[in-house]
Every structure is written in structure tokens, then in C-alpha cells.
Amino acid sequence: MALVTTEAVVLHAFDYMESSRIYRLLTRDRGLQSALAKGARRARAKVGSAVDLFAQGDAQLYVKPGRDLHNMAAFDVTHSRVALVAVQGRFAAAAALAELVLRFMQEDPVGGPAIYDAVVRGLDTIAAADATTVREAGLAAAWSLVAELGFAPEVERCSSCHTLVEEQSTAAFSCPAGGVLCDRCARTGAVKRMLPPRAREALVRWVGGQRATIAEEGDTKAHQRLLREFVSEHLTESRELRAFAAWESGAI
């Protein structure tokens with residue numbers, strides 16, 4: 001059993017037995033890992049109350065090949081992200097981002113460090129957003145992560161015939177097809193909705209890891225629906241996205 005130190009972010013945590021806690025960690029080097037922190041709920045524990053949801057730091061894990069649950073020796077918090085609970089909507093957006101990782105990512109993924117960095121950037125962007133921009137920050141973080149996971153939608157060319165779709169035109173968007181469709185392919189494809197030029201431009205920027213400004217709240221909610229539909233189509237095997245639903249409804 002080797003002692004491994006790796007950068008990690010806490011994506012989920014739950015109590016185990018009388019005094020311990022199990023953490024789901026996104027690590028820079030080893031993808032998703034489950035770790036048991038024995039005695040974490042005791043007052044003098046090495047892994048204690050500071051290791052909360054979305055906290056980031058250096059995790060020390062006793063790793064044994066073939067095991068799904070490792071023992072956590074320590075977790076030195078470098079970034080607690082307490083700001084995620086200071087403004088309504090921040091925590092919900094962060095939880096939706098974490099749900100996306102927990103549902104799709106596996107241990108030792110290809111491109112793991114890039115995915116880790118995308119999640120860290122996304123959480124920091126959400127934590128810095130105010131009440132008027134927090135949904136946009138969540139959308140930017142989620143679409144950037146989807147791109148890093150290898151499922152970016154095609155927004156500039158037809159996802160069926162690969163014809164360039166005019167930039168200033170309203171285009172049909174098909175989740176099953178994986179993106180926009182030209183007029184010809186839209187007549188025979190499964191079309192969910194129509195994307196006006198501003199919506200397509202925002203999607204291009206988010207997928208590329210950039211910010212985009214949305215003028216109307218209704219437009220933001222439409223983008224949340226599109227994201228949920230696309231993720232449900234390609235990543236979740238029809239399982240319910242509970243954190244996404246709460247974020248979209250504004251319940252938390």
C-alpha cells in the first residue's frame with residue numbers, strides 16, 4: 001500500500017459509521033477517487049471540518065491497486081471556497097458542475113489534469129460571480145468541462161454533413177446529432193430547438209473556455225435547458241440529473 005500525495009478537490013462527502021467520513025475526490029493525477037477518512041468527525045482529527053464540499057488541497061492517500069476505496073491520511077486545505085455559499089445560486093451551479101464529473105469521469109482518465117484544471121477554473125469563476133452573473137458563470141464552467149470530457153457540441157458546422165452554417169443565421173440544434181444542423185439536414189434530423197445567432201455565439205465562447213454575456217434571464221434559462229438536454233443525451237444514460245434540476249429551478 002503506497003502513500004500518494006496529489007492535488008484534489010472535494011466533490012461529495014458523506015458520514016460513515018460513528019466518526020468517519022467518505023470523500024469523493026477529483027484528483028489531478030488519478031481522476032476520481034473515493035477515500036475513507038477514519039475519525040474525521042472527531043474534534044482533533046487530521047481530516048476534519050475544514051475539508052468541506054469544493055475544498056481544494058493536497059490529499060495524502062494510502063492507495064492499494066484493485067481497491068475502490070482508499071484510506072486518507074491527511075488533507076491539507078489550500079482553498080476552502082467558502083464564497084460558494086455567500087451568494088444565492090453559486091452553490092447550485094457548483095453542485096451541477098460536480099454532478100457532471102461524478103456521473104461521467106472515471107479513474108485515471110485520458111486528459112485528467114486538463115479536466116481537473118477545468119473544474120478548478122469553473123469553481124473559482126462561479127465563486128467570484130455575483131447574483132446577476134452566476135448562472136452564466138455556471139454555464140461557462142459546465143460547457144468548458146463538457147468540451148474537456150470530449151463531448152463538445154458542433155456549433156459552427158452541420159453536425160451531420162459538416163457544411164459550414166452561416167454565422168449570423170438561426171440554426172437548428174439537435175442533441176442526438178451532437179450540434180447544429182444545416183437547413184437541408186434539419187428537415188430530416190431530430191431537432192430539439194432553434195438557436196439564434198447570439199445563442200450560438202455564446203455557446204462557441206463557452207465551449208472554448210471563454211465568458212459570454214446574456215442580456216435576458218429567459219435566455220439564460222433556455223441555455224440551462226439546452227445544457228441539461230445535451231448532457232442527458234450524451235453522458236448520463238438517461239439517469240436523472242438532480243443537481244442540474246435544482247440549479248435550473250433555482251431551488252438551492
Side-chain angles (χ1 to χ4, degrees), residues 1-86 90-128 137-138 141-142 144-150 209 235 242-243:
M1 186 179 294
L3 179 61
V4 173
T5 300
T6 180
E7 290 183 52
V9 176
V10 178
L11 297 185
H12 185 57
F14 56 94
D15 293 341
Y16 178 74
M17 309 233 5
E18 294 183 0
S19 62
S20 300
R21 186 168 288 137
I22 292 177
Y23 293 93
R24 289 283 280 160
L25 305 174
L26 174 62
T27 72
R28 172 179 285 280
D29 306 317
R30 294 173 173 267
L32 278 177
Q33 297 289 339
S34 296
L36 171 64
K38 295 180 179 179
R41 292 152 61 196
R42 295 174 183 156
R44 298 178 180 273
K46 290 184 178 180
V47 182
S49 59
V51 187
D52 209 342
L53 278 179
F54 312 122
Q56 180 181 347
D58 296 321
Q60 296 180 22
L61 308 176
Y62 285 107
V63 176
K64 185 175 182 179
R67 287 184 58 177
D68 295 327
L69 181 63
H70 308 296
N71 289 331
M72 183 185 293
F75 193 109
D76 297 323
V77 176
T78 58
H79 194 359
S80 61
R81 293 195 175 86
V82 294
L84 286 173
V85 298
R90 286 179 183 170
F91 186 86
L97 191 67
E99 182 176 49
L100 183 57
V101 180
L102 291 168
R103 284 289 184 89
F104 182 73
M105 194 171 176
Q106 303 297 323
E107 293 184 12
D108 299 322
V110 175
I115 294 172
Y116 178 87
D117 290 340
V119 171
V120 167
R121 285 194 306 270
L123 290 174
D124 288 340
T125 299
I126 293 167
S144 177
L145 177 59
V146 167
E148 290 294 349
L149 290 170
L235 301 182
R242 295 182 180 180

*Asks:* Can you tell me how far NE2 of His12 sits from CD of Glu99, rounded to the nearest 0.5 angstrom?
*Replies:* 11.0 Å
*Asks:* Below 4.5 Å, heavy atoms only, C-beta onward: do Asp117 and Arg28 meet side chain to side chain?
*Replies:* yes
*Asks:* Within this structure, what is the CZ-CZ distance for the pair Arg103 and Arg242, rounded to the nearest 0.5 Å?
*Replies:* 8.0 Å
*Asks:* Do the side chains of Leu25 and Val10 get nearer than 4.5 Å, heavy atoms only?
*Replies:* yes
*Asks:* So which heavy atom on Ala73 is nearest to which on Leu3, and how close?
*Replies:* CB-CD1, 4.2 Å
*Asks:* Kindly compute the distance separating OG1 (Thr27) from CG (Leu32), expressed to the nearest 0.5 Å.
*Replies:* 7.5 Å
*Asks:* Provide the closest heavy-atom pair for Ser20 versus Leu36 in the form atom of the first, atom of the second, distance.
*Replies:* CB-CD1, 3.9 Å
*Asks:* Assess whether side-chain contact (heavy atoms from CB on, under 4.5 Å) is satisfied between Arg81 and Val120, documenting all intermediate values.
*Replies:* CA-CA 11 Å; Arg81 293 195 175 86; Val120 167; 3.6 Å; yes
*Asks:* For Ser144 and Arg121, work out which heavy atoms get closest and say how close.
*Replies:* OG-NH2, 4.3 Å
*Asks:* Contact between Leu123 and Gln56 at the side-chain level, heavy atoms closer than 4.5 Å - yes or no?
*Replies:* no
*Asks:* Do you know which two heavy atoms are closest between Ala127 and Ala83, and how far apart they sit?
*Replies:* O-CB, 3.9 Å
*Asks:* Checking side-chain contact (heavy atoms from CB on, under 4.5 Å) for the pair His79/Val9: CA distance, chi angles, key distance, verdict?
*Replies:* CA-CA 9 Å; His79 194 359; Val9 176; over 6 Å; no
*Asks:* Of all heavy-atom pairs between Glu148 and Ala118, which one has the smallest distance, and what is that distance?
*Replies:* CG-CB, 3.9 Å
*Asks:* Is there a donor-acceptor pair closer than 3.5 Å between any side-chain N or O of Arg24 and the backbone N or O of Leu11?
*Replies:* no
*Asks:* Would you give the length of the straight line joining atom CG of Leu61 to atom CE of Met72, rounded to the nearest 0.5 angstrom?
*Replies:* 6.0 Å
*Asks:* Taking the side chain as everything from C-beta on, heavy atoms only, tell me whether Asn71 gets closer than 4.5 Å to Lys64.
*Replies:* no
*Asks:* Specify the closest pair of heavy atoms between Phe54 and Ala98, including all atoms of both residues, with the distance to one decimal.
*Replies:* CE2-CB, 3.9 Å
*Asks:* Report yes if the side chains of Arg30 and Val63 come closer than 4.5 Å at any heavy-atom pair, otherwise no.
*Replies:* yes
*Asks:* Just how far is it from atom CZ of Arg90 to atom CG of Leu84, taken to the nearest 0.5 Å?
*Replies:* 7.5 Å
*Asks:* Starting at CG of Leu53, measure out to OH of Tyr23 and round the result to the nearest 0.5 Å.
*Replies:* 9.5 Å
